[in-house]
Amino acid sequence: MKFFEFPLLGTRAISEFVPAHDDVLEPINLADNISAGDWVYERDSVPKITTEFWYHSTSQIWFKVERNTGTNQIYSAEVLRE
Amino acid sequence: MSRRLPPRPEEWIDRKVKIDFWFEGEKFSAYKGDVISSALIANGQKILARSFKYHRARSTVSMANHDANVILETLTQTNIRADVTHPSAGARYQAVNTFGGLKKDLAQILNFFSALLPVGFYYKAFYRPRFLFPLWEKLIRGMTGLGKVNSDTDSWRQARKQLFVDVLIVGAGPSGIAAAEYLEKTGLKTIIADENDRVGGTLGYRHNTDQSAQQFKDATIKNLDNFSSVSTLPMHYAAGLYEGGTVPIVGPDGIKEVHTKALIIATGSYEQPAVFRNNDAPGIILLSAAERLMNRYSVLPCESAVILAGNPEAYERAKNLKKIGLRIVAIIDLSPVPKVHEKEIADARKAGIKVTKITSIVEASLRKGILDSITVITEHNQTEKIPCDGILMSVGWSPASSLLVQAGAKLSYLTSLEQVIPDEIPAGTYAAGQVNGIHEFKSKIDDGVAAANEAARFLGCDLPIIPRPKREDRAHSHPYPVSAHPKGKEFVDFDEDIQLNDLRTSWREGFNSVELMKRYSTIGMGPSQGKISNMNGVRVLAGLNKKSPGAIGTTTPRPFTHPVAIGALAGQRFRRYWRTPMHQCHQRMAANFEENGHWLRPMTYGAGSMQTLIEKEYAAVRDAVGIIDVSTLGKVELFGPDCIKLLEYAYTCKFDKLRTDMTRYIFMVDGSGVLIDDGVAARFSDDHFYITTTSSNAHTVVKQLRLFSDLLNLDIAIVDRTRQVGAFNVAGPLSREVLSKITSQSLSEADFPYLAVRELQIANVKARVMRVGFVGELGYEIHASANSAQTIWNALIEAGKPLGIMPFGVETQRLLRLEKGHIILGQDTDGMTTPFEVNLGWGVNLKKEQSIGKNSLIHLKTQTKRQLVGFECTNTRKLEILESNLIVEGDRILGRVTSVSYSPHRKGIIGLAMIDSIDASTEQICIKDSQGNLIDAQIVSTPFYDPENLRQLTS
């Protein structure tokens with residue numbers, strides 16, 4: 001069981017969270033060279049440290065989490081809402 | 001012909017208790033503590049099994065579940081490993097994989113055709129001529145498999161336990177016990193687990209003549225029971241290591257999931273066999289199998305033993321077994337390097353044992369399928385045949401390192417030891433003892449203590465560093481215990497009947513890396529997962545590639561280390577049921593419940609066929625009044641100045657035309673423009689909204705709304721009220737009449753128009769009421785706090801009795817809405833359906849500045865290639881149209897039926913179908929039913945019922 005310390009919640013098993021890996025806001029307009037398909041589906045699938053959004057299903061709070069997609073190490077977590 | 005030795009105090013059997021069982025139709029007697037194999041061998045049974053491919057006679061090899069030669073089954077159990085399973089009284093065991101029983105196995109003939117069944121033969125044969133393939137498939141399927149599953153067996157489950165500890169020690173041999181003793185002093189919460197019936201490991205069968213070893217054993221094993229911070233768990237094996245330090249340990253009563261901060265692996269090694277012609281014959285066993293048989297069960301493995309010595313310890317071990325009754329005909333010495341065993345050989349000869357130095361083994365000879373003699377080439381190049389009925393092999397070791405590799409360790413080949421050892425083990429995991437390449441007894445203890453010390457310091461204990469003992473410079477494994485023979489049958493993998501030539505063939509055909517050779521030859525893929533075959537395979541491949549074994553590498557060990565029963569994996573049943581506030585009302589009215597996700601929902605009410613019940617409820621709703629519980633809907637209250645900003649981002653429509661105290665239908669798409677939810681939005685003011693979602697997506701919609709509001713930094717409060725609020729629909733021409741009986745407020749068309757929302761006092765309870773049209777009749781959706789919902793429901797039932805009110809369930813609702821052409825998300829839509837495909841384009845506003853999926857919807861609007869159409873079938877020829885039946889046009893599949901039902905209103909079958917876009921002039925579609933019959937249906941416009949929505953007008 002993998003645990004991590006989260007603000008507001010304390011140490012929690014990461015299985016309590018639902019990830020939304022790279023949900024970012026819909027752009028108002030796409031740049032000229034990016035099609036809708038590119039925007040929705042094209043991903044850079046290399047192991048790296050990314051920022052993800054994780055939802056704590058019981059308290060209904062979103063967190064911003066820094067994770068290494070190669071090693072699955074979690075570096076930091078903060079509440080998403082400023 | 002009993003092979004049972006006279007009683008010894010250290011034996012594990014209790015001779016006072018007899019257990020009778022049957023094997024292959026013959027009765028056998030065991031003592032309590034015996035395993036099935038030891039009882040069979042004690043009673044003179046020679047052949048215990050038939051091999052997988054060639055059906056050769058086999059018996060045990062390791063007595064430790066490192067081989068899977070002896071797999072038995074009963075009528076109720078499969079995959080019984082005879083070497084480690086106690087016989088049950090009265091049980092009837094059969095060997096698996098035989099045709100006509102073990103003795104007369106008809107498939108033995110395959111052994112003669114083995115030349116036609118080389119490695120990979122099934123890739124190269126059977127696919128031509130094509131028409132014969134079904135025959136081959138049937139034949140091969142009939143012959144494969146290791147056991148039959150009896151589907152009449154009662155299923156069982158074993159509850160799982162969760163344990164949280166500081167340190168888990170896997171293996172209670174000398175190193176593990178030494179580590180446990182050390183950790184007891186630190187007070188760290190520790191579990192030590194061992195797969196055997198009793199702890200001690202090699203202390204019980206190898207080091208038992210070593211004085212210091214026995215002193216250690218006597219002192220510590222007794223103490224284990226008295227430890228306060230260390231718990232001992234015999235009969236539990238570690239099935240694997242999962243992320244976060246989770247190790248499921250499997251015992252007779254189920255799985256204990258151990259979550260540990262530090263892990264010590266003291267699992268020992270798998271003794272390895274030698275490879276020579278007929279090395280798979282019954283009687284040819286690992287020396288440690290003989291040690292276990294004789295020390296634990298007091299059973300002689302054979303009458304005349306030949307010891308194959310490929311490492312120095314073979315000699316001491318042989319002497320120990322001679323002392324307790326083994327008759328040794330000769331030790332054949334296969335020194336990897338000349339003169340490396342000189343001292344041991346001299347000692348053995350002094351003790352009166354014949355020692356012959358050999359350069360290779362020619363073959364083992366069999367008589368009637370049983371070992372008869374071994375033929376060797378001596379150091380003087382002479383051929384010598386030695387009669388024997390047992391060959392005990394001591395040629396080397398391979399560490400039981402699965403969990404270490406799963407932790408992230410690498411396996412490095414140490415040439416000085418001629419074996420792999422774990423390397424680069426990540427912090428928090430520690431190897432100790434023989435798994436770490438430590439073979440000498442005193443060093444095993446020191447290694448266990450040092451590992452425990454490292455673990456304790458890792459966990460923050462302030463302790464001086466205890467250094468690790470050094471590994472010996474002397475090899476304990478023979479680098480190449482392989483003797484080839486022109487006639488073959490030198491088995492490298494017993495599970496899969498893989499011979500030396502099979503590996504050569506793999507290599508020749510280009511499958512020359514360790515991973516390719518594994519997959520092509522299937523070495524290591526059998527039930528023993530390569531425990532006693534992988535290392536020899538690596539050695540052979542190294543030889544073929546002219547590289548060192550270290551350069552070849554090893555394959556990746558994955559959980560489970562031993563098989564785990566599905567009943568243990570299932571764990572205890574834990575199912576949540578959510579009941580609506582009206583649950584008791586439904587029970588009183590004889591509801592037929594079904595699980596919809598976690599919710600228990602009434603499908604229909606009363607007794608009778610589904611069809612009859614639906615017809616009754618349908619009639620009530622269309623002609624009088626019905627009431628349905630919709631408390632399962634998601635409900636969200638939104639407060640704050642940014643309500644509209646959030647709604648316009650999350651949903652496809654604009655909200656400016658939604659007036660105060662009115663509702664509208666809303667739906668949501670994801671970033672790719674696919675429909676994911678729908679519901680109703682009610683506006684109370686600019687900064688107060690109330691929305692509903694589908695039952696199954698309530699949680700997801702709230703999640704998404706919160707995400708959007710966080711990312712957009714909106715000034716809004718989102719309150720999830722799904723389970724605080726009960727809700728139900730009262731629908732039918734008489735619904736207004738019923739409702740007006742229990743509320744004093746006006747329900748006139750002027751005061752409460754279609755789609756309006758009002759706050760009413762119903763039966764003295766505050767309620768929020770919306771006029772909705774899902775089922776196509778005059779109707780009111782009433783939302784009230786969960787505590788008071790039942791009051792309103794009961795009041796409505798009471799008030800509606802004289803008017804014929806009936807409760808209706810989910811099944812009837814599906815029919816009612818279908819007649820109105822209303823879609824159900826997830827049924828009429830799939831994971832790719834856009835609003836444009838289901839006639840919802842009117843609800844999509846692409847002029848909003850920013851809304852989820854907008855860019856995709858702009859693109860998709862002109863790319864719509866499918867459409868949902870309504871169809872009607874007046875003559876089905878008594879055939880049945882089901883959901884997902886295909887819509888076809890000649891050879892082409894046009895689409896599928898998404899909803900279908902008999903419509904009492906149209907007196908025929910109606911339905912919805914998602915099909916490739918068709919010409920506007922097309923009037924007919926062709927449906928293919930599940931049996932392949934073709935049925936014509938007419939495309940009709942929806943709704944099928946009340947197209948002008950006249951039922952919503954009240955008089």
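Only this structure's heavy atoms are used, side chains among them; waters, hydrogens and symmetry mates stay out. Only a predicted model underlies this, so the values are computations on that prediction, with no experimental measurement involved. Here is how names work: the chains are called A, B, and so on, in the same order as the sequence lines, proteins then strands, and each is numbered from 1.
For A:S35, no part lies under 4.5 angstrom from a heavy atom of chain B.
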Query raised in the report: Passes side-chain contact (heavy atoms from CB on, under 4.5 Å), A:Y55 versus B:V702? Steps please.
Result: CA-CA 11 Å; A:Y55 184 65; B:V702 169; 4.0 Å; yes
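The neighbour count for A:K64 NZ, taken as heavy atoms of other residues, nucleotides or ligands under 6.0 Å away, does not exceed 12. Other residues, nucleotides and ligands contribute more than 12 heavy atoms inside 6.0 Å of the NZ atom of B:K848. For A:K48, the NZ atom counts as densely surrounded, since its 6.0 Å shell holds more than 12 non-hydrogen atoms of other residues, nucleotides or ligands.
Contacts with chain B (heavy atom to heavy atom, under 4.5 Å) involve these residues of residues 73-81 of chain A, listed by number: A:L80, A:R81. Taking 4.5 Å as the heavy-atom cut-off, the residues of residues 640-654 of chain B that approach chain A are B:Y649, ordered by number. Within residues 853-864 of chain B, the residues having any heavy atom less than 4.5 Å from a heavy atom of chain A are, in residue-number order, B:G853, B:K854, B:N855, B:S856, B:H859.
Taken from CD1 in A:I14 to CD in B:E243, the straight-line distance is 6.0 Å, to the nearest 0.5 Å. The structure places CE of A:M1 at 4.0 Å from NE2 of B:H259, a figure rounded to the nearest 0.5 Å.
Taking both residues in full, the closest heavy atoms of B:G671 and A:V40 are given as O-CG2, 3.3 Å, listed atom of the first, atom of the second, then distance. The two residues A:E26 and B:S851 come nearest to each other via the heavy atoms CG-O, 3.1 Å.
A 4.5 Å side-chain heavy-atom check between A:F53 and B:L707 finds at least one atom pair inside the cut-off. Taking 4.5 Å as the limit, some side-chain heavy atom of B:R706 sits within range of a side-chain heavy atom of A:Q60. With contacts defined as side-chain heavy-atom distances shorter than 4.5 Å, the pair B:L711/A:V24 does not qualify.
Partners of B:F458 by side chain to side chain contact (heavy atoms under 4.5 Å, CB included), not counting sequence neighbours, listed by chain and number: B:A262, B:A427, B:Y430.
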